[in-house]
Amino acid sequence: MGTIRLGCRFCDRVDGNGLIAIPIAWFNVEAVQSFAASQQPATGDQNHFAWYTHLGVCPECQESELGPANARLACC
């Protein structure tokens, strides 16, 4: 099994590459493809999320993008 390549749906943070587990503070994380598929070269018709294995909402974007009520629900 490869590592997780986690990306935020709202920001361009790059610290989610090479994780072995999904951080607990992230919200609404979904698998979008296998690690092997994420290693394939991107084609011109793929968006900037093409290399991720998982997408979710990072802690910094939870309140700013989802609102305070949703941010509290995500962590508790």
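Remember, predicted model here, so these are calculated numbers, not experimental data.
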message: Between I4 and I22, is there a side-chain heavy-atom distance shorter than 4.5 Å?
response: yes
- prompt: Quick one: does V32's side chain get under 4.5 Å of T53's, heavy atoms only?
  reply: no
field: Test item: Q33 and H54 side chains (from C-beta on) under 4.5 Å apart, heavy atoms
entry: no
query: To the nearest 0.5 Å, how far apart are SG in C8 and OH in Y52?
result: 8.5 Å
- request: Begin with the C-alpha distance, continue with both residues' side-chain angles, and end with the deciding distance and a verdict on side chain to side chain contact (heavy atoms under 4.5 Å, CB included) for V57 and W26.
  value: CA-CA 6 Å; V57 182; W26 282 63; 5.8 Å; no
- request: Kindly determine whether T3 and L19 satisfy side chain to side chain contact (heavy atoms under 4.5 Å, CB included), including the steps that lead there.
  value: CA-CA 6 Å; T3 57; L19 302 174; 6.0 Å; no
- request: Evaluate the side-chain proximity of C58 to L6: yes if any heavy-atom separation is below 4.5 Å, no if none is.
  value: no
statement: Applying side-chain contact (heavy atoms from CB on, under 4.5 Å) to N28 and not counting sequence neighbours gives E30
- prompt: What are the two closest non-hydrogen atoms of C61 and F10, and how far apart are they?
  reply: SG-CB, 3.8 Å
Minimum heavy-atom distance Q62-A25, with the two atoms named: NE2-O, 2.5 Å
